[in-house]
Trainee: 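Take this structure first; my questions come after.
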Amino acid sequence: KHGILTRKSHAEMDGKRTPRGRRGWKKFYAVLKGMILYLQKDEYKPDKDLSEVDLKNAVRVHHALATRACDYSKRQNVLKLKTSDWRVFLLQAPSEEEMMSWIFRINLV
Ligand code: I3P
């Protein structure tokens, strides 16, 4: 699955709140491949190598939990992604349908 996702980091690997200055929203081209959600700067090209930044932004979604971000109301179609290493991301999809689809696909991994 792939599509546009806008990300906000909420908590870090130690479970601590992401510090100010790194809590902003950022738009990515998202690709879910195997157990990894790639958050790329540019559109997906099958034969192009990932940049260092793209690799750094990749999230392992094995044993992660995706739910609708019911407690976040500033933006629409936002899902909450909790990873097995205690990171928390908010991910905004372009539509309700897309958000539901991402939740379903991430939880299948
Ligand atoms: C954050 C940025 C986010 C905001 C967040 C700020 O600043 O303005 O948009 O979240 O508020 O800390 P920075 O880019 O300097 O990290 P919202 O859009 O959800 O308000 P927060 O600290 O209350 O999460």
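Atoms within a ligand are numbered from 1 in the order they appear, just like the ligands themselves.
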Trainee: Between E98 and K1, is the closest basic N to carboxylate O distance under 4.0 Å?
Mentor: yes
Trainee: Run the side-chain contact (heavy atoms from CB on, under 4.5 Å) test against D14 and tell me which residues pass, sequence neighbours left out.
Mentor: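 Checked D14 against side-chain contact (heavy atoms from CB on, under 4.5 Å); matches are E12, K16.
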Trainee: So with a 6.0 Å cut-off around CH2 of W86, is the heavy-atom count from everything else above 12?
Mentor: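 At most 12 heavy atoms, drawn from other residues, nucleotides or ligands, come within 6.0 Å of this atom.
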Trainee: Among residues at least two apart in sequence or on other chains, which ones pass side-chain hydrogen bond (donor to acceptor under 3.5 Å, both in side chains) with R60?
Mentor: none
Trainee: Please output the residues near ligand 1 using a strict heavy-atom distance under 4.0 Å, listed in chain and residue-number order.
Mentor: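 Residues near ligand 1: K8, R17, R20, G21, R22, R23, G24, W25, Y72, K74.
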Trainee: Which value, rounded to the nearest 0.5 Å, describes the distance between T6 atom OG1 and F89 atom CZ?
Mentor: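 Taking OG1 in T6 and CZ in F89, the distance rounds to 14.0 Å.
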Trainee: Using the test ring pair (Phe, Tyr, Trp, His ring centres under 6.0 Å), find all partners of F104 that sit at least two apart in sequence or belong to another chain.
Mentor: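 None.
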